[in-house]
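The structure under discussion appears below in the form of structure tokens.
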Number of protein chains: 2
Amino acid sequence: MTSDGRRTRASGRPTLEQVAVEANVSRGTASRVVNGSLEVSPWALKAVQDAIRKLGYVPNHAARSLVTQRSDTVLLVVSESEDRVFGEPFFASLVRGLSLELSTTPLQLNLIMANTARQHGRVEQQVRNGHVDGVFLISLHGDDPLPRNLIDAGAPVAVIGRPMSDIGAAPYVDADNESGARSATEYLYNQGRRRIATITGPQDMAAGVDRLAGYRSALRGKRGVSRLIAQGDFGQASGEAATRELLAKDPTLDAIFAASDLMAAGALRALRAAGRRVPDDVAVIGFDDSEVARHTDPALTSVRQPMQQMGRELAKLLITQLRDRETKLSPVILPTELIIREST
Amino acid sequence: MTSDGRRTRASGRPTLEQVAVEANVSRGTASRVVNGSLEVSPWALKAVQDAIRKLGYVPNHAARSLVTQRSDTVLLVVSESEDRVFGEPFFASLVRGLSLELSTTPLQLNLIMANTARQHGRVEQQVRNGHVDGVFLISLHGDDPLPRNLIDAGAPVAVIGRPMSDIGAAPYVDADNESGARSATEYLYNQGRRRIATITGPQDMAAGVDRLAGYRSALRGKRGVSRLIAQGDFGQASGEAATRELLAKDPTLDAIFAASDLMAAGALRALRAAGRRVPDDVAVIGFDDSEVARHTDPALTSVRQPMQQMGRELAKLLITQLRDRETKLSPVILPTELIIREST
DNA sequence: ATGAAAGCGCTAACAT
DNA sequence: ATGTTAGCGCTTTCAT
């Protein structure tokens with residue numbers, strides 16, 4: 001008990017009630033001010049604002065959630081099997097973009113790593129419980145049932161990276177992989193390279209398919225250019241192996257476009273082992289503009305994706321759906337940029 | 001209204017009340033079961049459990065928070081200026097460790113990027129509001145007031161990476177940087193290298209200081225070994241410059257221990273430019289065992305930190321404090337491992 | 001424009 | 001061991 005005989009609150013945090021008392025208005029009016037209602041007299045408005053400042057009042061999230069039935073929380077789900085993705089610097093940029101955009105809203109960002117089916121279940125549960133108002137999904141596997149389940153559970157979803165299969169109503173953000181690959185290949189062509197090979201990504205992932213399509217598109221109709229395709233899996237070892245294979249098929253090749261920086265780094269190794277100079281004998285271009293690209297020797301020319309911007313767009317996609325559940329959004333495809341370094 | 005005249009809940013989610021009705025017990029008893037109280041008859045226990053399963057009941061987080069005055073949420077604060085850290089693969093492992101450990105608790109992980117002072121303010125506010133029960137801090141700047149402010153605000157804090165200045169009551173987790181650096185240096189010595197240089201990290205960061213100390217300690221008392229120290233900032237360019245400097249001072253040096261993989265990658269470039277073969281002429285060791293280490297040519301021998309384990313320990317540090325606010329915890333220092341690759 | 005009051009779903013103290 | 005009940009802090013009708 002305080003000296004005036006009233007119970008002390010456990011935490012020192014002021015409540016809306018206290019603000020109302022301080023401002024000589026009812027709790028209802030105070031609430032209206034906090035929530036920006038227009039039906040408040042200028043006089044009351046000021047009194048409440050002053051009280052809020054004086055007391056250092058901040059709304060209680062739990063109490064508000066309880067009555068509004070919203071959580072003001074969005075979930076970023078990272079499939080652990082994709083932790084290469086997670087570990088790449090571009091993930092940091094993506095999250096920065098998300099944060100930037102979310103910081104203009106009352107939404108909190110919850111992070112969950114969902115590797116197992118059991119954890120996928122937890123995600124769905126969180127959605128059904130209303131603990132989460134919306135979900136960001138990162139780089140799905142082809143046949144992942146998660147997005148559809150989440151949508152069925154009633155949550156808006158936004159996906160980063162074009163899903164291979166139809167994913168229901170979930171909009172996505174992606175870089176323009178095809179166009180990026182096309183520019184890279186055209187750059188090699190314009191350099192005068194005429195024996196241009198590519199190392200593809202896995203063909204069950206959109207990024208793999210689209211980048212190969214870009215390579216093909218760049219060379220379509222061009223005469224006097226030899227095309228050469230080897231299959232990779234985005235990993236360095238596969239790039240190295242693919243390059244050896246390519247070299248065996250055509251020892252005179254003078255350019256390689258790899259669908260990932262890691263594969264390009266592998267190509268660099270294989271080329272050096274084969275005694276080829278880069279870029280003198282063979283030019284190499286990677287994709288992603290990852291950390292690795294900056295640290296190989298020679299440094300890699302690479303196709304950059306605007307990850308931070310993609311993060312912002314991703315956030316916008318979800319925010320829009322949150323504001324109006326009925327909105328049907330289209331995918332957002334952002335342009336890439338070719339970053340020239342030493343390998344071309 | 002439903003046909004039986006009672007109001008329908010907006011969301012279909014069952015409440016504890018409905019569980020109680022279904023199980024023919026009071027809400028109180030149902031609550032006891034949900035919260036694992038022992039004062040429940042086996043009979044009631046089963047009835048409630050069945051009802052929970054049948055209805056698919058899950059507790060409402062907001063309602064619980066409201067009454068318990070806990071949020072069951074912990075916050076991971078990433079200083080954006082440290083986004084190199086964030087982007088490194090080891091961050092993924094750290095988060096995985098955190099998630100793993102937190103998944104055994106009802107704690108949710110909230111992610112916030114706090115670059116600006118304004119955002120630091122937001123973090124403090126979240127703590128004061130009770131929106132967050134505890135905070136993880138990652139790689140602080142020397143004189144960052146955040147940890148102390150948070151502790152003052154009443155939140156348990158756990159820090160990853162030894163802070164330079166005293167940080168108050170916050171325990172931390174770190175790798176044994178000194179011992180890691182010592183093993184690396186000793187490895188070079190045991191290889192027969194006798195002109196062993198080091199490229200240090202910034203000396204206003206614990207990792208920089210400790211790794212230099214490890215180098216010194218390894219060589220202490222050894223005769224016939226030349227020591228050579230150049231200053232770096234953990235970045236690749238600084239490693240390249242430092243190596244040129246080192247080479248100028250001692251053209252015969254036969255080993256370099258760099259306090260980061262990025263600097264080691266820079267060293268590799270400078271050595272190649274200078275016509276030195278690695279590891280034949282000069283052996284190189286980095287630190288962090290990052291993605292970059294696996295993709296340089298030659299691949300880098302590097303000191304690995306057990307990031308996932310560090311994540312788990314970090315979580316434990318916070319969980320312990322959450323359970324008992326009075327606990328005073330000691331720092332946790334985890335051993336490193338030397339990963340041998342092609343550069344030695 | 002404002003006040004009064006009814007809950008949101010839950011826990012915990014109290015009574016039995 | 002179980003039921004009853006008083007709030008937790010807030011938003012939102014419904015009156016006025």
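Chain A is the first sequence line, chain B the second, and so forth, proteins listed ahead of strands; every chain is numbered from 1.
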*Which of residues 38-55 of chain A have a heavy atom under 4.0 Å from DNA chain D?*
none
*Does A:Q69 place a side-chain N or O at less than 4.0 Å from the phosphate oxygens OP1/OP2 of D:dT11?*
no
*Please give, in whole Å, the distance from D:dC10 P to B:L66 CG?*
9 Å
Would you be so kind as to tabulate the donor-acceptor pairs closer than 3.5 Å made by side chains of residues 41-48 of chain B, with sequence neighbours excluded?
{"from": "B:S41", "atom 1": "OG", "to": "B:A44", "atom 2": "N", "distance (Å)": "3.1"}
{"from": "B:K46", "atom 1": "NZ", "to": "B:D50", "atom 2": "OD2", "distance (Å)": "2.5"}

*List in chain and number order the residues that pass side chain to side chain donor-acceptor pair (under 3.5 Å) with A:S65, two or more places apart in sequence or in another chain; answer none if no residue qualifies.*
none
*Could you run through nucleotides 11-16 of chain C and give me one letter per nucleotide, 5' to 3': B if any protein heavy atom sits under 4.0 Å from the base, S if only the sugar-phosphate is that close, - if neither?*
BBB---
_Checking the side chain of B:R122 only, and the main-chain atoms of A:S103 only, is there a donor and an acceptor separated by less than 3.5 Å?_
yes
_ring pair (Phe, Tyr, Trp, His ring centres under 6.0 Å) contacts touching residues 100-133 of chain B (sequence neighbours left out)_ = A:H61-B:H131
*asked:* My understanding is that only residues two or more places apart in sequence, or in another chain, count here; which of them pass side-chain contact (heavy atoms from CB on, under 4.5 Å) with B:T105?
replied: B:L102, B:L107, B:I319
*Which pairs count as salt bridge (charged side-chain N to carboxylate O under 4.0 Å, His left out) when at least one residue sits in residues 314-329 of chain A, sequence neighbours excluded?*
A:E313-A:K316
*Whole Å only: how far is the CG atom of B:N24 from the P atom of D:dT2?*
12 Å
_Angle between the two end axes of the helix from C:dA1-D:dT16 to C:dT16-D:dA1, five base pairs per end, rounded to 10 degrees?_
40°
*For residues 65-79 of chain A, pull every pair meeting salt bridge (charged side-chain N to carboxylate O under 4.0 Å, His left out), keeping only residues two or more places apart or in separate chains.*
A:R70-A:D72
*Residues two or more places apart in sequence or in another chain: which of them pass side-chain contact (heavy atoms from CB on, under 4.5 Å) with B:R312?*
B:L100, B:E101, B:Q309
Please tabulate, one pair per line, all N/O donor-acceptor pairs under 3.5 Å involving side-chain atoms of residues 24-31 of chain B, not counting sequence neighbours.
{"from": "B:S26", "atom 1": "OG", "to": "B:G28", "atom 2": "N", "distance (Å)": "3.3"}
{"from": "B:S26", "atom 1": "OG", "to": "B:T29", "atom 2": "N", "distance (Å)": "3.3"}
{"from": "B:S26", "atom 1": "OG", "to": "B:T29", "atom 2": "OG1", "distance (Å)": "3.4"}
{"from": "B:R27", "atom 1": "NH1", "to": "B:E17", "atom 2": "OE1", "distance (Å)": "3.1"}
{"from": "B:S31", "atom 1": "OG", "to": "B:N35", "atom 2": "ND2", "distance (Å)": "3.3"}

*In chain order, what residues pass the side chain to side chain donor-acceptor pair (under 3.5 Å) check against A:E22, with sequence neighbours excluded?*
A:K54
*For the pair A:D133 (side chain) and A:A155 (backbone), establish whether a donor and an acceptor sit closer than 3.5 Å, ignoring hydrogens and angles.*
no
*Phosphate OP1/OP2 of D:dT2 contacted by B:T29 side-chain N/O (<4.0 Å)*: no
_Between C:dG9 (P) and A:N60 (CG): distance, integer Å_ = 16 Å
